Amino acid sequence: MDSLGALRRTHNCNTLGLDNLNQEVVLMGWVLRRRDHGGVIFIDLRDRWGITQIVFNPEVNPEPHAKAHQLRSEWVLAVKGKVEARPGDMENPKLKTGAIEIMVSELRILNTSKTPPFPLDEDSEVSDNIRLQYRYLDLRRPEIGANLVMRHTATQAARSFLCENGFLEIETPMLTRSTPEGARDYLVPSRVNAGKFFALPQSPQLFKQLLMMGGMDRYFQIVKCFRDEDLRADRQPEFTQIDLELSFVGEDDIMAIAEGLVKQVFAATRGIALNPPFPRMSYQEAISRYGNDKPDTRFGLELVDLTEKLRGCGFKVFNAVIEGGGIVKAINAKGCGTFSRKDLDDLTNYAGTFGAKGMAWIKVKEDEWQSPITKFFNENEIEAMRQALNAEPGDLILFGADSVAVVNQVLSELRLELGRRLNLTDNSVFNFLWVTDFPLVEFDAERKRYAAVHHPFTAPLDEDLELLETEPLKVRSRAYDLVLNGSEIGGGSIRIHTTEMQAKMLNLLGIADEEAEEKFGFLLRALEFGAPPHGGIAFGLDRLMMMLTGSGSIRDVIAFPKTQKATCPLTDAPGSVARKQLTELHLRPDWKEA
RNA sequence: GGGGUCGUAGUUCAGUUGGUUAGAAUGCCGGCCUGUCACGCCGGAGGUCGCCGGUUCGAGCCCGGUCGGCCCCGCCA
């Protein structure tokens, strides 16, 4: 093995071209592939930026050529040599540097490598846990590496936009206190204070509000947040927010800032010119038309409410649901009248995973409505459905009949599934949508009390204030979510900034005065000292990067992600700790010593 | 907490109705090769069929359990 010594790179592996002919250059990188012809040897040398072919020719430079025979995948090299045009028609159009090659005059082997456990080229499929176990090798592959580069570009764009608009980047504590509401906390035991615990922040929510009360006026932070809940393809227990908060503003100001930020990020990363302002839709409308509060507006197939049109109909299943206070809604799957029995069974099973007890369907034919249930409807009802659904021959109607919540969830999932099956989800289209006018609270049936839909610091809409004590479920909040292609990528609100309103809100949530004082006393006190009107928003950076990179998994945009069981195959975290560590933390282990 | 799916060579996979010595591609090792770019040709090594138990004359294959990857429901203010 050789020493790097004083040798330094003159270029990276993606820059050289015909402009550099006959220059003497120094490149460093990894052996991607070698092609040893016995005589001449070609090596594809790879670094973060790209690939350059280097050549060892025994007739030109016998010494490095002799040395090059031993080179293997992922060995680390420094090479000095002359930039030469490739002879004749030997150019490689697949490489940016494909017009040239480096005739090596000096080879330094900086390190050897074991044979990699999986191929590092771009098109090999490798299982997730091997990739994560050797993540440092996975990062050398183009896919993940390029995603991290784009992530860097995105955060830099966000930073510069926010700085230009007067925001201060301020850090907030990672060791903070657990507060009620919200997700399960990650807890950190305190050694110095026996029996007390810190919690890792689910978000910097209260601190950023306190920064507004501290007169910082405009704050942002690109910050880790922690929620100890089960994982999904778009959810990790630690994730990153672009978090911001502004003083003396209303919804429109914050939305405009958010739109400007997103616009700058899209331009910087993908060269896509967005045209804000983005459309807005009320929560009620989103639920009614799409069945959920983060509609994918790239395609139609909207939900149609048939409850009143079918009240008293001859189909007992529907009628019983309607009599019982439930609803009947339907989707017209345009042109899906050709679906087979198996297709319909698959969709029914899929609906079942979201709580549907069944799924009625009708195939609209030229002269009849083909379905096991058509016979239960009279002509008026069929005509009413035809009009409401704009049903034409060749269409397929799918029904949901159940409680409001189940119908909306089932049909919204069916709609998305149909969108995927019919290839209506075009990943080159970016449909942004603001969802506004969320309910302030919902009723938690299990705990028999109201719970904040957004969080307990979200301000109610002024015009709904009088309903706060009489019909709290009808009160709308000043919260807003930013939705992109059916994925919630940001959310925020105007906050409560008076002690009275905050106390009223905590009261509504069934948090007693003593508890409020203990858990939120510091916030209530701060509100007493001239808190400015303020509000903000936080973007889920990971989800945003999934959209920008077209990744199917959040793991593909995070350098060192966790598995679905929230472990890290690379470090084998979480791991065990010594008994002494626990006792120092005043914790009593209940496991047996190994 | 629940449902689905996968687990066979370093890697990606095939493996029939339960039947002799578990295969392919690629990678790896050795040899040959002076213009390749997924170089080519010849040869070779490489397996606890995730693990435990059961059924059977006989299990990669069937059954039960368990561990792990992934997807989903619940959960995620």
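Chain identifiers are assigned alphabetically (A, B, ...) following the order of the sequence lines, protein sequences preceding nucleic acid strands; residue numbering begins at 1 within each chain. Just so we're clear, the structure is a prediction, and the values are computed from it rather than from any experiment.
- In the interface, the side chain of A:R235 is paired with the base of B:rC75 through a donor and an acceptor atom under 3.5 Å apart.
- Remark: the A:E125 side chain and the B:rU11 base include no donor-acceptor N/O pair separated by less than 3.5 Å.
- Ring-plane geometry between A:H37 and A:F42 is classed as perpendicular, the angle between the planes exceeding 60 degrees on a 0 to 90 degree scale with a lower cut at 30.
- Relative to the side chain of A:A233, the nucleotides B:rC71, B:rC37, B:rA38 differ in distance, and B:rC71 lies closest.
- In this structure, A:F118 forms no aromatic stack with the base of B:rU11, since the conditions of centre separation below 5.5 Å and plane angle below 30° are not both met.
- Nucleic acid contact for A:A451: none, since no nucleic acid atom lies under 4.0 Å from a heavy atom of the residue.
- Among the protein residues, A:F457 comes within range of no part of the nucleic acid, since none of its heavy atoms lies under 4.0 Å from any strand.
- Spacing between atom NZ of A:K94 and atom P of B:rU36 amounts to 13 Å, rounded to whole angstrom units.
- Looking at heavy-atom distances under 4.0 Å, A:S493 makes no contact with the nucleic acid at all.
- Candidate nucleotides B:rU12, B:rC29, B:rU34 were compared by shortest atom distance to the side chain of A:P58, and B:rU34 ranks first.
- When distances run from any side-chain atom of A:R72 to the nucleotides B:rU34, B:rC29, B:rC70, the shortest one goes to B:rC29.
- A:R33 has no side-chain polar atom (N or O) that falls below the 4.0 Å cut-off from OP1 or OP2 of B:rU36.
- For B:rC37, its base sits under 3.5 Å from the side chain of A:R86 at one donor and acceptor pair at least.
- With hydrogens and angles ignored, a donor-acceptor pair under 3.5 angstrom links the side chain of A:E101 to the base of B:rG35.
- Side-chain atoms of A:K96 come within 3.5 Å of backbone N or O of A:N14 as a donor-acceptor pair.
- A:D230 comes within 4.0 angstrom of a nucleotide base, judged by non-hydrogen atoms across all strands.
- When the nucleotides B:rC73, B:rC75, B:rG27 are ranked by their closest atom to the side chain of A:E229, B:rC75 comes out on top.
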